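Quick notes on the structure that follows.
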Amino acid sequence: MPHTPEEKKRVTTRLARIKGQAEALERAVAAGTECGALLQQLAALRGAANGLMAEVLESHLRETFAQKNGQPGRGAAGAPPLDTNAEIDQIMRIIRTYLK
């Protein structure tokens, strides 16, 4: 879960964008838009949701690893040690590739 005001704002902005995309998709379906255009909107919506999921997951991993290392979580003015950060970065690269 995002803890800092910057993280919360970033997540809230992403959620507003996702909401707008979902509403646009709903309007397109009601208007009888062609399947190709609907599929394109669905792909954009899925990408936005996957991006949000990756961001929240990364925040969760960083906080969890920080706590296991006896440090305060990222949102509590602490960050995991450098080697843990590198490991999380590697995990997130794999996950982001999978989510695309």
Side-chain angles (χ1 to χ4, degrees):
M1 188 67 201
H3 297 284
T4 66
E6 297 82 22
E7 288 175 332
K8 285 182 182 181
K9 183 177 181 180
R10 191 170 50 247
V11 168
T12 302
T13 300
R14 278 182 177 258
L15 286 169
R17 191 175 312 127
I18 290 169
K19 180 180 175 183
Q21 288 175 317
E23 290 169 350
L25 182 60
E26 184 178 18
R27 288 190 302 271
V29 168
T33 302
E34 66 166 292
C35 291
L38 291 177
L39 289 169
Q40 186 174 13
Q41 285 183 292
L42 280 166
L45 182 60
R46 181 184 62 194
N50 285 345
L52 176 60
M53 184 180 349
E55 187 170 328
V56 173
L57 177 60
E58 181 175 359
S59 176
H60 174 71
L61 286 174
R62 291 189 188 284
E63 183 175 327
T64 300
F65 277 99
Q67 288 173 357
K68 289 191 186 285
N69 287 327
Q71 298 180 12
R74 183 180 191 190
L82 188 56
D83 60 334
T84 302
N85 275 330
E87 291 175 27
I88 293 171
D89 289 345
Q90 182 179 10
I91 291 167
M92 288 310 301
R93 274 194 299 277
I94 293 167
I95 289 171
R96 287 180 194 277
T97 300
Y98 173 75
L99 290 175
K100 286 187 178 183

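Treat the numbers as computed from the prediction; the structure is a model and nothing was measured.
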For this session: Look up atom CG in Asn85 and atom CD in Glu87, then write down how far apart they are to the nearest 0.5 Å.
Result: 9.5 Å
Exercise. Does a side-chain heavy-atom distance below 4.5 Å link Asp89 with Arg62?
Worked result: yes
Problem set entry | Spatial distance of atom CD (Gln40) from atom CD (Glu34) [nearest 0.5 Å] | 9.5 Å
Seminar exercise, completed: Tightest non-hydrogen contact, residues Ala28 and Leu38, listed as CB-CD2, 3.6 Å
Exercise. Roughly how far apart are Leu45 CG and Leu25 CG, rounded to 0.5 Å?
Worked result: 6.5 Å
Problem set entry | Distance-minimising heavy-atom pair for Leu99 and Ala54 | CD1-CB, 3.8 Å
Exercise. Any chain of hydrophobic side-chain contacts (each under 4.5 Å) joining Ile95 to Tyr98?
Worked result: yes
Problem set entry | Side-chain ion pair, Arg10 and Glu6, N-O less than 4.0 Å | no
Exercise. Roughly how far apart are Leu39 CG and Thr33 OG1, rounded to 0.5 Å?
Worked result: 11.5 Å
Problem set entry | Evaluation steps, side chain to side chain contact (heavy atoms under 4.5 Å, CB included), between Val11 and Lys8 | CA-CA 5 Å; Val11 168; Lys8 285 182 182 181; 5.9 Å; no
Problem set entry | Shortest non-hydrogen contact between Arg14 and Gly51, atoms and distance | NH1-C, 3.2 Å
Problem set entry | Stepwise side-chain hydrogen bond (donor to acceptor under 3.5 Å, both in side chains) test for Arg96 and Asn50 | CA-CA 8 Å; Arg96 287 180 194 277; Asn50 285 345; over 6 Å; no
